[in-house]
2 protein chains.
Amino acid sequence: MPVDKVANFEDCNCFTVRAAARHISQFYDQFLASSGLRTTQFSILTQLKFRGPLTINALAEVLIMDRTTLGRNILPLERDGLVKIEPSAADRRAKEVRLTKAGEKRFEEARKAWSVAQARFEGAYGTRRASDLRAMLRAVIASELEGADHRA
Amino acid sequence: MPVDKVANFEDCNCFTVRAAARHISQFYDQFLASSGLRTTQFSILTQLKFRGPLTINALAEVLIMDRTTLGRNILPLERDGLVKIEPSAADRRAKEVRLTKAGEKRFEEARKAWSVAQARFEGAYGTRRASDLRAMLRAVIASELEGADHRA
DNA sequence: CGGATATATGTGTATATGCACTTTGTCAAG
DNA sequence: CTTGACAAAGTGCATATACACATATATCCG
């Protein structure tokens, strides 16, 4: 008895994830504001801090971000002297992005603010639940989503 | 034995939701592309379809979207004749956004593409799991997230 | 009525996002 | 060495996002 097998628009997975992303981003951004960084920028600095210098492509991959999006997102960081972008010695097509001293300093400041936001969020949402949520979201990211134009 | 009580940056809830949103949006957008709509635009038309004309503020609220963001997101839709924006008779400060005939037609086209994307996603991720995920994301949206500047 | 206050929306500015297309550099086959 | 496939990054364009500030209207109260 599939009374209503038609997909309900309230149940759009894409909309729900995007809405939640807007909501949680505004929250974290409030805390990061004092450091002068946005959440996206903080994510970039974090990866560079813990993974060391990376090329644009490699950095984009770990950030689950389009290459061209990242290419533009690093420009304000470079302008403010938080990262340095230099051509790779091994492959002159590639560019290496690395954290500067100023970038490390800024990261440490933002890190404190981030910790407060993270703790505050989990206080409201639940630490265990947040952990479960992240696991489910990582599964989304890992899921093989074939394109609309797939053949075979 | 809290060996490592320091929050791990890999566990940033904000980053994880945003990354998943980028990933899933690209997937749904591939399917919607044939209709000439983006996922955000499809969401807007969907709400207008099922809730009837709404003011900017009311529409922004149901979309979990900043008022000013929505104000700009409806402009391409108005330009393409999919929605009509008119001053409210009751309150001249307010504007009512409503779906046009062309908007309804476009919505029906996009609806088919959306259904395929939704089904394809749930085929890969699991229908039950997707349902659970949406419930957890709605809880994020519903969670009272006090600002960084909260007092008392 | 008239001013204080609250509400609905618009604008300026800056970042975020990604597709299609282009440019530049690498590398292997001939 | 040359050429052709491939790989890394840049550019043009359009939309998405939201804060701070500005404007217009409504509403309440003395």
Pi-cation contact, B:Tyr125 with B:Arg129 (under 6.0 Å, within 45°): yes
Mind checking if [X] touches a base, just sugar-phosphate, or nothing, with heavy atoms under 4.0 Å?
X       : answer
A:Arg67 : base
B:Ser25 : nothing
A:Thr69 : base
B:Thr68 : base
B:Ser88 : nothing

Over 12 non-hydrogen atoms of neighbours within 6.0 angstrom of CZ in A:Arg92: no
Could you give the [atom1]-to-[atom2] distance, from [X] to [N], as a whole number of Å?
X       : N      : atom1 : atom2 : answer
B:Tyr28 : D:dA16 : OH    : C1'   : 19 Å
A:Arg18 : C:dA16 : CZ    : C1'   : 11 Å
B:Asp66 : C:dT9  : CG    : C1'   : 12 Å

Under-3.5 Å donor-acceptor pair between A:Arg93 side chain and C:dT26 base: no
Donor-acceptor pair present, A:Arg72 side chain and C:dG18 base, under 3.5 Å: yes
Out of C:dT9, D:dC19, D:dA8, whichever nucleotide has its closest atom nearest the side chain of A:Asn57: D:dA8
Under 4.0 angstrom between A:Arg92 side-chain N/O and C:dT26 OP1 or OP2: yes
Short side-chain donor-acceptor distance under 3.5 Å, B:Asn13 and A:Glu122: yes
Ring center gap for A:Phe9 and B:Phe107 short of 6.0 angstrom: yes
